[in-house]
Structure formats: C-alpha cells, structure tokens
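Taking it in order: structure first as structure tokens, then the write-up.
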Amino acid sequence: ILVTGSNGLIGKAVAQQLLRQNRQIVGLDLRHDSDVTFPRVEADLNDLHQIYKTLSQFDVGYILHCGGVSGSMLLQDNPPLVCQINIMGT
C-alpha cells in the first residue's frame with residue numbers, strides 16, 4: 001500500500017494504523033521522518049515518473065492518498081502551487 005503524505009499529520013497516522021494491521025506499506029513524501037520504520041520514497045506528488053517507478057518497484061496494489069497542502073497558511077503567497085499540488089497531485 002502506497003501512503004502519500006506519509007510524513008504528514010494524517011498520512012503518518014494512517015501509516016501507523018496500517019503497520020499495526022501488519023500491512024506492507026511504502027511511504028511517499030517530500031521529506032522523511034527519521035522515526036519511520038517502513039520503506040519510503042522522497043518525491044513530489046506531481047512527479048509522475050517517480051510515482052510510477054515507486055508503484056512498480058514496490059509492487060503497489062493500493063494507494064491511500066493523504067498528501068497535499070493542508071492549510072491556507074502554507075504557501076499562502078502561491079495559490080496556484082497549492083492547486084497544482086492538491087488537485088493535480090490527487
């Protein structure tokens with residue numbers, strides 16, 4: 001299971017719950033958390049080549065999309081980028 005935004009508030013909680021259920025997961029996020037105990041890929045949601053590579057490399061069967069810009073205070077000076085990440089990234 002690929003969990004996008006695996007280092008964020010929701011993604012990290014989802015990943016931990018999946019691990020408690022003994023699911024095999026791989027995380028995808030812009031940055032990594034050193035506490036993570038599962039494979040992870042550092043990538044942008046809009047980097048389709050890296051996402052396809054990750055899907056193939058880890059034989060991903062499911063995607064739980066938890067990534068994105070979560071608040072208006074983040075990137076408030078660049079609304080088009082927020083749309084690109086949150087809409088096109090989905």
Side-chain angles (χ1 to χ4, degrees):
I1 301 170
L2 175 66
V3 179
T4 67
S6 61
N7 198 39
L9 179 68
I10 296 170
K12 188 181 281 190
V14 166
Q16 293 303 319
Q17 181 63 30
L18 290 169
L19 289 173
R20 283 192 288 277
Q21 296 173 7
N22 294 317
R23 301 292 193 117
Q24 290 186 321
I25 67 168
V26 61
L28 186 135
D29 207 306
L30 282 175
R31 57 187 171 76
H32 294 308
D33 185 348
S34 60
D35 299 352
V36 176
T37 59
F38 51 87
R40 56 204 185 268
V41 174
E42 190 171 320
D44 187 291
L45 286 174
N46 292 303
D47 185 349
L48 296 181
H49 295 291
Q50 183 60 54
I51 290 182
Y52 284 126
K53 181 179 173 184
T54 301
L55 295 174
S56 176
Q57 178 182 353
F58 291 95
D59 193 28
V60 172
Y62 300 95
I63 299 172
L64 285 173
H65 177 49
C66 303
V69 178
S70 59
S72 60
M73 68 287 198
L74 303 169
L75 296 174
Q76 66 187 27
D77 60 332
N78 196 345
L81 181 57
V82 174
C83 290
Q84 177 68 30
I85 293 168
N86 286 354
I87 296 169
M88 299 308 292
T90 298

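Across Leu48, Asn46, Thr54, a single residue satisfies side-chain contact (heavy atoms from CB on, under 4.5 Å) together with Gln50, and that is Thr54. When each of Val82, Leu81, Leu74 is paired with Asn78, the side-chain contact (heavy atoms from CB on, under 4.5 Å) condition holds for Leu81 and for no other.
Between the CG atom of Leu2 and the CZ atom of Arg40 there is a distance of 14.0 Å, given to the nearest 0.5 Å.
Minimum interatomic distance between Ser6 and Gly27 (heavy atoms only, all atoms of both residues): OG-CA, 3.3 Å. For the residue pair Cys66 and Gly11, the shortest heavy atom distance occurs at CB-CA, 3.6 Å.
Neither Val14 nor Leu9 shares a network with the other; the hydrophobic side chains, linked directly or stepwise wherever heavy atoms of I, L, V, M, F, W or Y lie under 4.5 Å apart, form separate groups for each. Following chains of ILVMFWY side-chain contacts shorter than 4.5 Å, one cannot reach Met88 starting from Leu75, and the two form parts of different hydrophobic clusters. Residues Ile63 and Ile25 do not share a hydrophobic cluster, defined by chaining ILVMFWY side chains whose heavy atoms lie under 4.5 Å apart. Placement of Ile85 and Leu28 within a single hydrophobic cluster is found when ILVMFWY residues are connected by side-chain heavy-atom separations under 4.5 Å, directly or transitively. Leu30 and Val41 fall into different hydrophobic clusters, where Ile, Leu, Val, Met, Phe, Trp and Tyr residues are linked whenever their side-chain heavy atoms come under 4.5 Å apart, directly or through other members.
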Phe38/Gln16 under side-chain contact (heavy atoms from CB on, under 4.5 Å): CA gap, chis, key distance, verdict: CA-CA 10 Å; Phe38 51 87; Gln16 293 303 319; 4.2 Å; yes
Intermediate values then yes/no, side-chain contact (heavy atoms from CB on, under 4.5 Å), Val60 and Ile1: CA-CA 6 Å; Val60 172; Ile1 301 170; over 6 Å; no
Steps toward side-chain contact (heavy atoms from CB on, under 4.5 Å) verdict (Leu64, Leu18): CA-CA 11 Å; Leu64 285 173; Leu18 290 169; 3.6 Å; yes
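More than 12 heavy atoms of other residues, nucleotides or ligands sit less than 6.0 Å from atom CZ of Arg20. In the displayed structure, Ile10 atom CD1 is contacted under 6.0 Å by at most 12 heavy atoms of other residues, nucleotides or ligands. Remark: Gln57 CD is packed, more than 12 non-hydrogen atoms of other residues, nucleotides or ligands lying under 6.0 Å away.
No side-chain heavy atom of Val3 sits under 4.5 Å from any side-chain heavy atom of Lys12.
No donor-acceptor pair closer than 3.5 Å links the side chain of Ser56 to the backbone N or O of Tyr52. Here the side chain of Asp29 pairs a donor or acceptor atom with the backbone of Asn7 at under 3.5 angstrom. A donor-acceptor pair under 3.5 Å is formed between the side chain of Thr4 and the backbone N or O of Gly67.
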